[in-house]
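The structure under discussion appears below in the form of structure tokens.
The first residue of the sequence shown is numbered 1, and numbering continues consecutively from there. None of the values given here were measured: they were computed from a predicted structure.
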Amino acid sequence: MERRCRRCLLEEFDEAAYLRTLKAHIEATPEKERTPAEEYGRRLAACKGCDCLEAGTCTACGCYVELRAASRRGTCPYKKW
């Protein structure tokens, strides 16, 4: 199992490793709990147009938007999706 740093600063962060971990987590989520691809794209488009998006994180709630958008139960704190 890959070891993850839980207390890294952004300047120390390996972006490629983060992206691999993010995709692996989404792919490991059971299909019935995952947002359909078309809806996932709409959610991410809404986040990309939002002023609260900063480096993949929602500054309104602190979530990683790609993870929240990938979950059927995920919601936007501003009700944009």
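- In this structure, the side-chain contact (heavy atoms from CB on, under 4.5 Å) partners of Ala16, at least two apart in sequence or on a different chain, are Asp14, Arg20.
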Which donor-acceptor pairs under 3.5 Å do side chains of residues 22-33 form with protein atoms, sequence neighbours excluded?
unit_1, atom_1, unit_2, atom_2, d
Thr29, OG1, His25, O, 3.0
Thr29, OG1, Ile26, O, 3.4

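- Hydrophobic cluster membership is shared by Leu19 and Leu67, with clusters built from Ile, Leu, Val, Met, Phe, Trp and Tyr side chains linked at under 4.5 angstrom.
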Sequence neighbours excluded and cut-off under 3.5 Å, please list the side-chain donor-acceptor pairs for residues 40-59, or say none.
unit_1, atom_1, unit_2, atom_2, d
Arg42, NE, Glu39, OE1, 3.1
Arg42, NH1, Glu38, OE2, 2.9
Arg42, NH2, Glu39, OE1, 2.8
Arg43, NE, Glu39, OE2, 3.4
Arg43, NH1, Thr35, OG1, 3.2
Arg43, NH1, Ala69, O, 3.1
Arg43, NH1, Ser71, O, 2.8
Thr59, OG1, Cys52, O, 3.0

